[in-house]
Amino acid sequence: MKSVLPILTVLAAIVVIWYGAAVGLNSKWTYDQAARAGQEVSFSQLLRDTMTQERPVLPAPHQVAKGLWEGVAGQKITSKRSLVYHGGVTFSATMAGFVLGAVAGILLAVGIVHNRAMDMSVMPWAIASQTIPILAIAPMVIVVLASLGIKGLLPKAIIAAYLSFFPILVGMVKGLRAPDGMQLDLLRTYNASGSETFWKLRLPSSMPYFFASLKVGIAAALVGTIVAELPAGATQGLGARLLSGSYYGQTIQIWAALFAAAVLAAVLVIAVGAVEKVVLRKMGMAR
Amino acid sequence: MPVIEAKDLNLTFQTNDGPVHALKDVNLAIEKGEFVSFIGPSGCGKTTFLRCIAALETPTGGSLTVNGMSPDDARRARSYGYVFQAAGLYPWRTIAGNIKLPLEIMGYSRAEMDQRVEKVLDLVDLGGFGKKFPWQLSGGMQQRASIARALAFDAEILLMDEPFGALDEIVRDKLNEELLKLWKRTGKTIGFVTHSIPEAVYLSTKIVVMSPRPGRITDIIDSTLPRDERPLEIRDSAEFLAIAHRVREGLRAGHAYDE
Ligand SMILES: Nc1ncnc2c1ncn2[C@@H]1O[C@H](COP(=O)(O)OP(=O)(O)OP(=O)(O)O)[C@@H](O)[C@H]1O
Ligand SMILES: [Mg+2]
């Protein structure tokens, strides 16, 4: 329980700062309204007004909480206004992209570790791929695939995979190269083959690196999916929710979608962490 | 015919700071069933020589044969059990699993594996620890497990690189005794690297004294101690002390040459 207190303290500080910022940022609108009506604004009026605006510059925490609650519990989950519905759409594309990205990252890493030519050639391309802003490619991928008649989950998953394969590739290359010279020499004295070295030494050695990179990778997949939901035309997913919120100045909706995405990210990372614990314990590597 | 025979063996490492002459004109013949210790100051090429025998390093000159074959052919014939300086057990395998590692690679049947694991665990006095993970064992027990791993398959040559270097005197004495028993029981040819003069004299039928820069052999001493009966007390005998003295002189001579 000792760890809870610091967390709560930080949380309380954030909420206080947030309220202060909300009052400051939203006061302009209140003063403008009052000036137009030729009225004076008292401090208590100011406080009340800045926290109840319909389209605040910065919604107050309780407004976001309410928006989030209504989005999650206040709707049928099949409703277009349900955050559960949109979250589900984003989640499925994230998972599809994550699996694609993980498979690609692992296969490339295996290739890099076992093949000199791949070692020299793949990494620079992989790094180059990550220097191109995802915001620039996402619309192109969506448009090109749409022209081929591919819509819905797959284009989003591809963009999610594009972001998530990289950390998994880097982590797996490091993990598969983790065995030291002595461990490799030991297998050499047994005259072990390359595949035996891989299955009995390299792969088990890479597990801690593998899970660390999966956590980064799944968060990246979520970012990729949300970015892929932003281009015009998307009506489903947390990204679309963010975009439509900004079209209509629905700041509360934007923030609620943002928090939903953050919660989803946390859940995904925690889930990977749970699998990690189980696997490493099964392997005898967690103490 | 000697099991291991080195003739004018040379090995030069090419490093960024220029060549390092790790082994210079090494001549040595090791007969079947011998227990040979390599002793010498740090950097004199003990590990390098052992690694050459195990085909983990390629000599740059001279000839080296193992059972009349090249070291690499002998490696392919799985002639070696190699015990490294660190135990190097796989943390994701139990002790039994670690000992099975070479057996799995060499394609033993499941029943045979279980039987062998049982046997070598008893041999190194670790019966009943098969299901434990390495981190649940002390350093000395881990080292014994790594010896058991090298004994599990029928390699006729056992190469050990300072296997007891990190252990305390008492555990070391006990493991020395056990190693001698084991050697007697199995009749293996053993190459053993150590920094300890008493350990070398106590264990060996032949002591190879080496000196550094360039790494070479300065003395080869055939032990006059009885081969079959060596209680720990033998270390107080005059014969033992005489051999130890000669080893020390050899080490000192190598050092003087160096200055
Ligand atoms: N892979 C390598 N590349 C370059 N130089 C090496 C390599 N391995 C060993 N050497 C050098 O060869 C020499 C002999 O090394 P070696 O490890 O055989 O010594 P050693 O007798 O085992 O020493 P120690 O008692 O400290 O283990 C040293 O000078 C070392 O720096
Ligand atoms: Mg050494």
Side-chain angles (χ1 to χ4, degrees), chain A residues 102 105-106 109-110 113-114 116 168 171-215 272-287, chain B residues 47-48 50-58 66 71-108 131-137 146 149-150 152-155 157-162:
Chain A
I106 293 168
V110 171
V113 170
H114 285 93
R116 245 191 100 66
I168 296 168
M172 277 309 274
V173 167
K174 183 123 180 76
L176 292 175
R177 288 196 171 139
D180 58 28
M182 197 195 78
Q183 289 175 312
L184 290 166
D185 282 345
L186 180 70
L187 288 184
R188 232 177 105 72
T189 65
Y190 302 152
N191 196 24
S193 67
S195 74
E196 281 164 336
T197 306
F198 178 79
W199 290 109
K200 293 188 191 296
L201 177 60
R202 289 191 189 277
L203 195 64
S205 298
S206 73
M207 280 303 124
Y209 299 84
F210 176 59
F211 281 107
S213 67
L214 282 191
K215 285 183 202 166
V272 172
V275 175
E276 172 182 30
K277 240 194 187 141
V278 171
V279 171
L280 291 189
R281 179 161 307 155
K282 267 237 167 84
M283 289 174 74
M285 283 162 92
R287 307 200 170 170
Chain B
T47 297
T48 305
L50 229 55
R51 288 175 61 84
C52 285
I53 298 174
L56 296 174
E57 216 76 74
T58 314
V66 178
D72 208 46
D73 287 338
R75 178 180 71 82
R76 275 191 211 119
R78 288 159 172 163
S79 310
Y80 315 108
Y82 200 110
V83 180
F84 292 84
Q85 193 161 354
L89 301 170
Y90 290 2
W92 56 86
R93 281 174 176 252
T94 59
I95 298 303
N98 269 286
I99 295 171
K100 277 184 195 163
L101 176 71
L103 304 179
E104 285 169 14
I105 291 170
M106 296 175 193
Y108 285 80
K131 289 202 173 69
K132 295 258 192 271
F133 279 101
W135 54 271
Q136 294 171 306
L137 269 59
S146 85
R149 181 177 59 187
F153 55 102
D154 299 315
I157 302 168
L158 189 58
L159 301 170
M160 309 174 88
D161 191 355
E162 293 185 51

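In what follows, chains carry the letters A, B, and so on, assigned in the order in which the sequence lines appear, proteins first and then strands, with residues in each chain numbered from 1. Remember, predicted model here, so these are calculated numbers, not experimental data.
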J.: Would you call Asp185(A) and Arg188(A) a salt bridge, using N to O less than 4.0 angstrom?
T.: no
J.: Just wondering, do Phe133(B) and Ile95(B) contact through their side chains at under 4.5 Å, heavy atoms?
T.: no
J.: Applying side chain to side chain donor-acceptor pair (under 3.5 Å), which residue pairs with at least one partner in residues 201-215 of chain A are found, sequence neighbours left out?
T.: Lys215(A)-Glu276(A)
J.: Are the aromatic rings of Phe153(B) and Tyr108(B) close, with centres under 6.0 Å apart?
T.: no
J.: Can you tell me which portion of Leu201(A) sits under 4.5 Å from chain B's heavy atoms? Options are side chain, backbone, both or neither.
T.: both
J.: What residue pairs, at least two apart or across chains, pass side chain to side chain donor-acceptor pair (under 3.5 Å) with a residue in residues 77-92 of chain B?
T.: Gln85(B)-Glu162(B)
J.: Given that the side chain runs from C-beta out, which part of Ala86(B) has a heavy atom under 4.5 Å from chain A: side chain, backbone, both or neither?
T.: both
J.: Pick one of side chain, backbone, both or neither for Asp72(B), based on which atoms fall under 4.5 Å of a heavy atom in chain A.
T.: side chain
J.: Against chain A, work out which of Leu159(B), Leu101(B), Val83(B) has the most heavy-atom pairs shorter than 4.5 Å and name it.
T.: Leu101(B)
J.: Please flag which part of Glu196(A) lies under 4.5 Å from any non-hydrogen atom of chain B: side chain, backbone, both or neither.
T.: side chain
